[in-house]
Number of protein chains: 2
Amino acid sequence: MADERTARERIRDAALELFAEAGVAATPVRAVAARAGVSTALVMHHFGSKDALRTACDEHVAATVRARKTASVGAGADPLAALRASGDGPPLLRYLARTLLDGAPQVADLVDEMVADAQVYTEAGVGTGVVRPTDFPRERAVVLTIWSLGSLVLHEHVSRLLGTDLLGDPRSTGGYTLPATEVLTRGVITEPSYQQVRAAFAALDAERTAPDQETPDQETPHRGEGR
Amino acid sequence: MADERTARERIRDAALELFAEAGVAATPVRAVAARAGVSTALVMHHFGSKDALRTACDEHVAATVRARKTASVGAGADPLAALRASGDGPPLLRYLARTLLDGAPQVADLVDEMVADAQVYTEAGVGTGVVRPTDFPRERAVVLTIWSLGSLVLHEHVSRLLGTDLLGDPRSTGGYTLPATEVLTRGVITEPSYQQVRAAFAALDAERTAPDQETPDQETPHRGEGR
DNA sequence: ACACTGACTGAACGTACGGTCAGCATGGAA
DNA sequence: TTCCATGCTGACCGTACGTTCAGTCAGTGT
């Protein structure tokens with residue numbers, strides 16, 4: 001019965017859950033108020049408007065993620081491992097997964113920070129021999145962060161396909177983490193195929209910088225059967 | 001002036017664009033009708049309800065993706081390369097990126113097919129020497145498909161971070177494809193770190209199947225500095 | 001005793017929504 | 001010509017939305 005949180009916090013948490021479930025546009029303020037056990041007028045009293053409530057949610061999530069983030073790069077460069085384990089992780093992560101799509105500036109800043117952190121951590125990992133060196137330090141950090149967040153956003157599909165809930169206990173995410181880590185360790189593509197891709201994009205760049213001179217017939221950049 | 005499409009197709013295409021931009025819940029039927037140049041009543045006449053219109057969009061996207069999909073596994077296991085190149089790709093891909101989140105069954109089936117295709121293609125690639133073998137053929141196909149779709153869903157962040165529009169011309173996606181392919185070729189994590197992750201999850205499994213016997217102190221599964 | 005403040009509510013307002021309906025053209029079949 | 005089916009519209013309906021407002025109540029300082 002005793003709910004230690006203030007009414008303002010209860011409203012914000014209720015909004016977080018409902019916005020995460022159905023999206024902001026599909027969630028009436030009345031539903032938020034009902035879930036928090038208050039009147040709709042009190043929601044307006046505390047936040048001023050539905051949009052301001054949404055912004056407050058964005059800021060709360062961003063602040064919490066910032067507070068909880070740790071340098072855990074070993075298991076697949078996962079910037080959210082600490083959050084996953086914490087009690088209030090699931091609703092927060094669900095909300096984050098939703099709002100990664102509708103371009104809230106607070107969330108965009110958060111992603112930028114995650115990328116910067118990932119770059120620092122991977123470069124440190126290169127020093128300690130945990131992480132391989134790369135030709136594209138920043139771009140690799142972007143790619144790894146995007147993949148990590150992308151699997152979070154699509155957690156429903158991951159759950160259906162692998163039976164692994166990425167929003168739950170990190171110790172039970174092996175169904176996803178194991179193959180992902182295998183890919184991130186041993187790779188998928190063989191070296192000659194990679195060189196073909198590199199050459200194809202280099203040719204495209206050359207064609208763009210000097211578009212007048214003729215280029216040899218190469219309309220499909222990835223051939224696939226070359227050995 | 002001559003628009004060859006029927007009014008029904010114009011409505012469906014307008015809905016596709018608007019739903020992709022702002023989401024279904026935030027798009028009024030009136031806006032769809034206005035974009036298509038018809039009355040709102042005609043939208044209802046053709047589709048019956050907003051929800052049915054949404055379903056029609058889902059089915060149209062699924063059908064188009066199925067029609068366009070090709071076996072292009074060389075450049076990072078991208079199941080949507082053909083679609084990207086085609087003219088009506090962008091709005092379709094934008095819609096797909098949106099609806100991958102709200103669990104439409106047609107889209108879920110589509111994802112399942114993509115995974116199945118990815119598994120077939122990667123296993124064929126192992127035979128021709130383009131793709132490396134794996135301990136988890138199906139799980140690897142899931143992971144690669146999820147990463148590919150995840151980067152599509154987060155294309156806005158990719159664009160901001162790398163200046164590369166994944167929805168546009170595939171020949172100008174090198175900013176993303178090159179580092180992604182490098183990661184998928186040479187890996188990120190070193191072999192000993194991978195073995196640590198494997199051992200940690202194996203220990204967790206053992207603990208779960210025989211939870212009574214004591215296990216050695218290992219509360220954090222990824223240590224990171226072990227060498 | 002009074003005044004003031006902030007949390008909080010029930011009722012209401014204006015609006016924009018999804019959906020309905022009667023009816024108007026057009027056109028091929030009878 | 002009559003008929004009905006189809007594509008289509010403007011006007012309308014009930015509802016649910018975001019927001020406003022007047023006012024209650026408890027606490028606090030004076």
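None of these values were measured; they are calculated from a predicted model.
- Atom NZ in A:Lys50 sits roughly 13 Å away from atom P in C:dC17 (whole-Å rounding).
- For A:His46, counting side-chain heavy atoms from C-beta on, the closest listed nucleotide (D:dC8, C:dC8, D:dG18) is C:dC8.
- Spacing between atom CZ of A:Arg8 and atom C1' of C:dG6 amounts to 13 Å, rounded to whole angstrom units.
- When the P atom of D:dT19 is taken as reference, atom CZ of A:Arg54 falls 14 Å away, rounded to whole Å.
- Taking atom CD of residue B:Glu9 and atom P of nucleotide D:dG7, one finds them 13 Å apart after rounding to whole Å.
- The aromatic rings of A:Trp147 and B:Tyr176 lie perpendicular to each other, with more than 60° between the two planes, well past the 30° mark.
- Residue B:Met44 has its side chain nearest to C:dT20 when only D:dG18, C:dT20, C:dG18 are considered.
- Closest to the B:Pro28 side chain, of the nucleotides C:dC17, D:dG10, C:dG19, is C:dC17.
- Between A:Ala41 and A:His45, the residue whose closest nucleotide on DNA chain C is further toward the 5' end is A:His45.
- Contact detail for B:Arg54 and B:Ala104: the closest heavy-atom pair is NH2-CB, 2.9 Å.
- With rounding to whole Å, A:Arg5 atom CZ is found 17 Å from C:dA7 atom P.
- Comparing B:Ser39 and A:Thr40 along DNA chain D, the residue whose closest nucleotide (by nearest heavy atom) sits nearer the 5' end is B:Ser39.
- Not a single donor-acceptor pair under 3.5 Å links the side chain of B:Ser172 to the backbone N or O of B:Gly168.
- Distances from the side chain of A:Arg30 to the nucleotides C:dC17, C:dA12, C:dC8 place C:dA12 closest.
- Note that B:Arg8 lies in the cation-pi zone of B:Phe47, set by a 6.0 Å cut-off to the ring centre and a 45° limit from the axis.
- Listed nucleotides: D:dC8, C:dC17, C:dG10. Nearest to the side chain of B:Leu42: D:dC8.
- Across D:dG18, C:dG18, C:dT9, the shortest atom-to-atom separation from the side chain of A:Val38 is found for C:dT9.
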